[in-house]
Amino acid sequence: MAAAGGGGGAAAAAAAALWSEVNRCGQNGDFARALKSVNKILQISKDDVTALQCKVVCLIQNGSFKEALSVINTHTKVLTSDIIAFEKAYCEYRLNRIENALKTIQSASQQTDKLKELYGQVLYRLERYDDCLAAYRDLIRNSQDEYEEERKTNLSAVVAAQSTWERVVPEDLGLREATYELCYNTACALIGQGKLNEAMKKLQKAEELCRQSLSEDSDVTEEDIEAELAIIHGQMAYIMQLQGRTEDALQLYNQIIKLKPTDVGLLAVIANNIITINKDQNVFDSKKKVKLTNAEGVEHKLSKKQLQAIEFNKALLAMYTNQADQCRKLSASLQSQSPDHLLPVLIQAAQLCREKQHAKAIGLLQDFADQHPASAAEIKLTMAQLKIAQGSVTKACIILRSIEELQHKPGMVSALVTMYSHEEDIDSAIEVFTQAIQWYQQFQPESPVHLSLIREAANFKLKHGRKKEAISDLEELWKQNPKDVHTLAQLISAYSLVDPEKAKVLSKHLPSSDTMSLKVDVDALENSHGATYVRKKAGKLAGDSQQKEQGQGDVKKKKKKKKGKLPKNYDPKVTPDPERWLPMRERSYYRGRKKGKKKDQVGKGTQGSTTAGSSELDASRTASSPPTSPRPGSAAAVSATSNVIPPRHQKPAGAPATKKKQQQKKKKGGKGGW
């Protein structure tokens, strides 16, 4: 027993020394050495609760979350939820098992401050922003320690997320923007509200505060500062992109990528935004950038909407690069993840259209519209666009008229009337007007759109010869507002085409010219830039008008034609020949041309016939004269000279022969020279 007792005392002493070592290493932050000492303690007492807790803490501090969670799950009898709830939930949170972490926190019997802090983080990752906001408000209200600034930063991050992803107008929490993190979150909230200029100013302030804060630390280099500023610059570039300054945004995005930041979430967002700028251009660059969105851990750094946007752009990039199978695969995956979302089916339809399968694309859209009535309007608008692209305007009109919630909208009425007019279907166009007017008459009779539609319908009917129907509409308008002179004038104009007597009766209701005060400055109107007629100003001197007349006379003189040149042999003493303008053959003194000696010898027979004397004088018989092309009808001549080359291919008969002889002589002389 004594030996046993002595052994137990030695073990206790060794354990005490080990605990002392654990305490010292823990204070120094050397958790690796502390873990070795704890393991030795557990060899002495394997179910020591304190030693197991210390081991879990050491593993967490060393980043070994899986090992720590394994120790907790292995010793559940000893490490109960009351003892180790925070450590277990924290390990699950860091391992991205967010739902498990939430269950662990909620199952804890006592909600400590540490658990509440972790609870807020878990809610944020689950995108339960309302509950998260309430949790942080409670923490700030009931806590007073050195972590208050961090809690306020987290609270502002929740508000920014609500503004960005849920389009909630944030309330003023009265947070003092003393740090660059708070400034950055405020800027994000402003971006969500569309206040881009204000957001840019906040980001510039955040950049300034960040530089000031980090430059105070002598160990921080300029590269470290630029790396910290990367997320701020990323948001600046995003604002530029939203403002249409794509070149500036692209330049800033590429500068951030060159820094090679360690935040994979930031890199993924920037790469995605560059792809959206490239669209269907520069696809080689987009294919390189899309690799950054596939980095490990990206899915844990971004919100669901950010990840969804990246996947949509991947599908579109596959379509632009003619990867049809990849596009279908990605869009089908997106549709399975978000069955109610509109974009996956639109991408599928676009891919089908690229493959010239328009009918299949329209069928796909129709099926989706039937299954999702809430999105039917947008889907049917796309279907109508496809029908118009195919040239089926009437079918497109039928689809548009099936969108009940848009039938009465002025834009829809205008589009339908225009399309029906293009198809010369005036009855359908008038029917569209009638249905829209009836809707407003039933639900919004006092709406100015109602009266505007009636007037437009009347104008349309007048334009297309439906005078009686137009008169009915104009009478309805005038009845509602008898003081409307414009409507009365239109009504009189319409009646003048159908019933002049009625037009005369109605014209009595027009106000007299005396009662109408136009309040028009005639002088200002005449002297305006667009005036075509200017009234003569009073007080002009008579001399001015005379000068003007004289000036006009000068202009007339300038317009006179110049005198023609006289012939060189002109003699003014001799009277010109009165028949000089007539052709020579038509003059009275013309006696015909004199006959030459050679002309008398030419035969006078029919075309193609020759005489004995003329054959000697025929130039076509000589070798030196090329044959002329035969006239139409001279078949005899063609048959007699069937071996002759046509004129355009004929070589001159005399000159080439002499040239050939000269060339031969030159060749002979040339050979002797060589």
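None of these values were measured; they are calculated from a predicted model.
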So do [Y] and [X] actually touch side chain to side chain, heavy atoms under 4.5 Å?
X	Y	result
Q348	Q335	yes
I379	V345	yes
V264	E296	no
R33	D30	yes
E207	Y180	no
R141	R137	yes
K387	M383	no
C25	F31	no

Quick check: are there more than 12 heavy atoms from other residues, nucleotides or ligands sitting under 6.0 Å from CD of Q212?
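Yes, the 6.0 Å shell around CD holds more than 12 heavy atoms from other groups.
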Checking the side chain of [X] only, and the main-chain atoms of [Y] only, is there a donor and an acceptor separated by less than 3.5 Å?
X	Y	result
S375	H372	no
S447	Q444	no
Q407	R401	yes
T153	E149	yes

To the nearest 0.5 Å, what is the distance between [atom1] on [X] and [atom2] on [Y]?
X	Y	atom1	atom2	value
E87	L59	CD	CG	11.5 Å
N185	L155	CG	CG	9.5 Å
Q323	D325	CD	CG	9.5 Å

Minimum heavy-atom distance [X]-[Y], with the two atoms named:
X	Y	value
A189	S163	O-OG, 2.7 Å
M412	L406	CB-O, 3.1 Å
A85	A108	CB-CB, 4.0 Å
L182	E177	CB-CA, 4.2 Å
I232	C210	CD1-CB, 4.4 Å
N154	Y136	ND2-OH, 3.4 Å

Compute whether any side-chain donor of one residue and acceptor of the other, for [X] and [Y], lie under 3.5 angstrom apart.
X	Y	result
N278	S286	yes
N197	Q243	yes
R97	Y93	no
T382	Q385	no
T321	Q326	no

Basic-acidic side-chain contact under 4.0 Å: [X], [Y]:
X	Y	answer
R24	E21	yes
K305	E127	no
K289	D285	yes
D138	R151	no
R211	E222	yes
E148	K152	yes

Check against side chain to side chain contact (heavy atoms under 4.5 Å, CB included), M240 and E247:
CA-CA 9 Å; M240 292 174 188; E247 291 297 326; over 6 Å; no
Starting from the C-alpha separation in whole Å, work towards a yes-or-no answer on side chain to side chain contact (heavy atoms under 4.5 Å, CB included) for E355 and Q351.
CA-CA 6 Å; E355 297 170 2; Q351 179 59 45; 3.0 Å; yes
Decide yes or no on ring pair (Phe, Tyr, Trp, His ring centres under 6.0 Å) for F312 and H341, but give the supporting numbers first.
CA-CA 11 Å; F312 285 144; H341 207 288; 4.9 Å; yes
Under the side-chain hydrogen bond (donor to acceptor under 3.5 Å, both in side chains) rule, collect the residues that match up with Y124, sequence neighbours excluded.
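Partners of Y124 by the side-chain hydrogen bond (donor to acceptor under 3.5 Å, both in side chains) criterion come out as none, since no residue qualifies.
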Stepwise side chain to side chain contact (heavy atoms under 4.5 Å, CB included) check, I239 with Q235
CA-CA 6 Å; I239 290 175; Q235 285 290 47; 5.6 Å; no
Quick one, L35 with N39, criterion side chain to side chain contact (heavy atoms under 4.5 Å, CB included). Give me CA distance, side-chain angles, the key distance, then yes/no.
CA-CA 6 Å; L35 183 60; N39 284 333; 4.0 Å; yes
